[in-house]
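Quick caveat: nothing in here was measured; it's all calculated off a predicted structure.
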Amino acid sequence: MLNEICLRQLTMSGVHEGETVAVLSQGDERLDYADAFLYAARRLGANAYHMRLPAPTGAAGAWAVGDSGLAGNPLAVEALKQADMLVDLKFLLFSKEQFAIQDAGTRILTCVEPVPLLARLMPTAELRERVEVGAEILGKAGTMRITSPAGTDVTYRLGTYPTMSEYGCTDTPGRWDHWPAAFVFTGGADDGVDGTIVLSPGDVLLPFNTYVQAPVTLTIEKGFITDIRGGLDAELLSSYIKSFDDPRGYGMSHVGWGLDERAHWHGLTQFPGGMGMELRSFYGNVMFSIGPNNELGGPNDTPCHFDIPMRGCSLFLDDEPVVLDGAVVIPEMQPRSKA
């Protein structure tokens with residue numbers, strides 16, 4: 001099955017005869033994925049090779065982002081710049097090396113989720129269209145306001161950073177995507193996020209890969225979290241951020257909403273070994289992030305990062321509703337079968 005879904009993926013990502021596809025892995029991780037992508041690339045007539053980095057040494061945090069394993073190997077980075085497409089089985093996101101590879105025109109696909117999830121959430125042309133509609137609408141907005149019955153009321157001043165889209169494949173030079181994924185996002189101005197966010201039971205803490213059990217209240221002023229209150233979940237969130245000893249870990253990062261009706265909110269109970277991409281994508285979730293915004297071109301490159309998808313929220317762009325109580329209300333972003 002893995003060979004065939006990787007073939008479908010690379011076909012959706014526009015791989016064709018004469019292109020060069022590089023596959024990057026680390027240590028013993030996902031070697032079966034690497035073999036499957038090499039098989040798929042060759043079936044499509046592309047030149048393909050596998051770059052395997054040494055296994056990391058020492059213990060890392062739950063998810064300290066930005067360490068690519070390539071920082072001390074400029075020759076490897078230069079080689080990857082020459083590829084038309086890089087399949088990232090390691091997770092390069094937020095690293096300077098990934099940005100350099102993208103700037104050279106190499107398109108990048110990250111793939112680290114369990115195989116059954118990849119198979120169920122294959123990218124589709126309809127999903128891509130839906131996400132691109134969302135990106136177009138978001139890109140024109142000047143403000144985003146998020147509210148919830150639990151007490152969330154936070155406003156993002158937009159326009160400083162670009163809008164980005166993820167739909168699970170990539171056929172555009174220099175573009176990054178993550179399989180599986182289906183959401184759109186941007187970032188507020190560095191000093192332009194203010195208000196209160198109240199996490200409710202069932203909201204998701206990534207990379208903890210856990211569901212919130214009791215309310216957590218975050219106070220945000222001029223783009224930074226100034227107060228975290230609640231029970232155990234609040235204490236864990238606060239303790240984790242504090243452990244990085246980096247005040248930028250309290251910065252507000254990207255924000256957007258999910259658009260894949262096939263993705264399950266309960267996905268962590270099925271695939272605990274993944275990075276939670278299904279939870280970022282489930283239909284109508286509103287997700288905000290804490291920490292680095294260098295993915296958007298911002299100055300914050302802290303390794304402390306949280307993605308927090310929330311249920312039952314409402315999201316307004318320039319006071320116009322996009323999501324109401326967890327339901328996407330723009331017809332062009334609704335599944336065709338339900339439109």
Side-chain angles (χ1 to χ4, degrees), residues 130-166 182-206 212 215-230 234 237 250-259 265 279-291 293 295-298 300 306-334:
R130 189 186 310 167
V131 170
E132 289 178 335
V133 167
E136 182 178 0
I137 293 172
L138 179 56
K140 295 176 180 178
T143 62
M144 176 190 293
R145 183 185 178 199
I146 302 168
T147 64
S148 77
T152 293
D153 194 342
V154 62
T155 300
Y156 287 72
R157 189 171 77 246
L158 307 180
T160 299
Y161 294 115
T163 294
M164 301 187 72
S165 59
E166 295 184 30
F183 53 90
V184 295
F185 61 96
T186 188
D190 294 337
D191 62 350
V193 186
D194 295 276
T196 301
I197 295 177
V198 181
L199 307 183
S200 298
D203 293 342
V204 188
L205 295 172
L206 303 169
V212 171
V216 177
T217 300
L218 308 176
T219 302
I220 301 104
E221 298 176 359
K222 295 183 178 180
F224 283 83
I225 296 170
T226 59
D227 189 58
I228 303 174
R229 293 179 183 265
L237 180 63
Y250 295 93
M252 297 297 287
S253 181
H254 60 79
V255 63
W257 64 93
L259 284 166
W265 161 71
L279 279 298
R280 292 172 174 86
S281 302
F282 75 85
Y283 196 73
N285 90 77
V286 173
M287 183 178 73
F288 76 98
S289 300
I290 304 169
N293 66 358
E295 177 188 12
L296 294 165
N300 190 342
F306 270 95
D307 284 342
I308 304 179
M310 302 182 293
R311 299 186 300 163
C313 292
S314 296
L315 184 151
F316 304 86
L317 296 177
D318 297 334
D319 297 325
E320 292 296 322
V322 175
V323 180
L324 288 178
D325 299 325
V328 178
V329 297
I330 305 296
E332 292 83 2
M333 283 188 281
Q334 295 172 346

(message) With rounding to the nearest 0.5 angstrom, report the OG1 to CG distance, T160 to N293.
(response) 10.0 Å

(message) Looking at every non-hydrogen atom in both residues, tell me the closest pair between S281 and N285 and how far apart they are.
(response) C-ND2, 3.7 Å

(message) Could you measure the distance from the OG1 atom of T196 to the CG atom of L218? Nearest 0.5 Å is fine.
(response) 9.0 Å

(message) For D307 and S289: C-alpha separation, side-chain torsions, deciding distance, then whether side chain to side chain donor-acceptor pair (under 3.5 Å) applies.
(response) CA-CA 4 Å; D307 284 342; S289 300; 2.4 Å; yes

(message) Among residues at least two apart in sequence or on other chains, which ones pass side chain to side chain donor-acceptor pair (under 3.5 Å) with R145?
(response) D153

(request) State, to 0.1 Å, how close F282 and P309 come at their nearest heavy-atom pair, and which atoms those are. (result) CE2-CB, 4.2 Å

(message) How close do A135 and V184 get, counting heavy atoms only, and between which atoms?
(response) N-CG1, 3.6 Å

(message) If you compare all heavy atoms of S148 against all heavy atoms of C313, which two are closest, and at what distance to 0.1 Å?
(response) CB-SG, 3.9 Å

(request) Would you indicate whether the side-chain heavy atoms of T163 and L158 approach each other to under 4.5 Å? (result) no

(request) Could you go through the side-chain contact (heavy atoms from CB on, under 4.5 Å) check for L199 and M310 one step at a time? (result) CA-CA 7 Å; L199 307 183; M310 302 182 293; 3.8 Å; yes

(request) Drop me the distance from L315's CG to Y156's OH, to the nearest 0.5 angstrom. (result) 9.5 Å

(message) What's the separation between atom OG1 in T152 and atom CD1 in I146, rounded to the nearest 0.5 Å?
(response) 8.0 Å

(message) How close do F224 and D190 get, counting heavy atoms only, and between which atoms?
(response) CE1-O, 4.3 Å

(request) Drop me the distance from Y250's OH to T226's OG1, to the nearest 0.5 angstrom. (result) 11.0 Å

(message) Closer than 3.5 angstrom, by distance alone: can the side chain of S314 be matched with the main-chain N or O of D325 as a donor-acceptor pair?
(response) yes

(request) Compare every heavy atom of K140 with every heavy atom of D318, then report the nearest pair and how far apart it is. (result) OD2-O, 4.1 Å

(request) Determine yes or no for a side-chain-to-main-chain donor-acceptor pair under 3.5 angstrom, with T186 supplying the side chain and Y161 the backbone. (result) yes

(message) I need the single residue from R280, M287, M164 that forms a side chain to side chain contact (heavy atoms under 4.5 Å, CB included) with F185. Which is it?
(response) M164

(message) For M252 and V154: C-alpha separation, side-chain torsions, deciding distance, then whether side-chain contact (heavy atoms from CB on, under 4.5 Å) applies.
(response) CA-CA 11 Å; M252 297 297 287; V154 62; 5.5 Å; no

(message) Distance check, rounded to the nearest 0.5 Å: K222 atom NZ versus R157 atom CZ?
(response) 10.5 Å

(request) Determine whether L205 and I308 make a side-chain contact, defined as any pair of heavy atoms from C-beta on separated by less than 4.5 Å. (result) yes

(message) I'd like to check the side-chain contact (heavy atoms from CB on, under 4.5 Å) partners of M333; sequence neighbours left out, ordered by chain and number.
(response) R130, V133, I137, W257, L259, V322, V328, I330

(message) Tell me whether D203 contacts the main-chain N or O of R311 through its side chain, where contact means a donor paired with an acceptor under 3.5 Å.
(response) yes

(request) Please list, chain by chain and in numerical order, all residues satisfying side chain to side chain donor-acceptor pair (under 3.5 Å) with N300, sequence neighbours excluded. (result) none

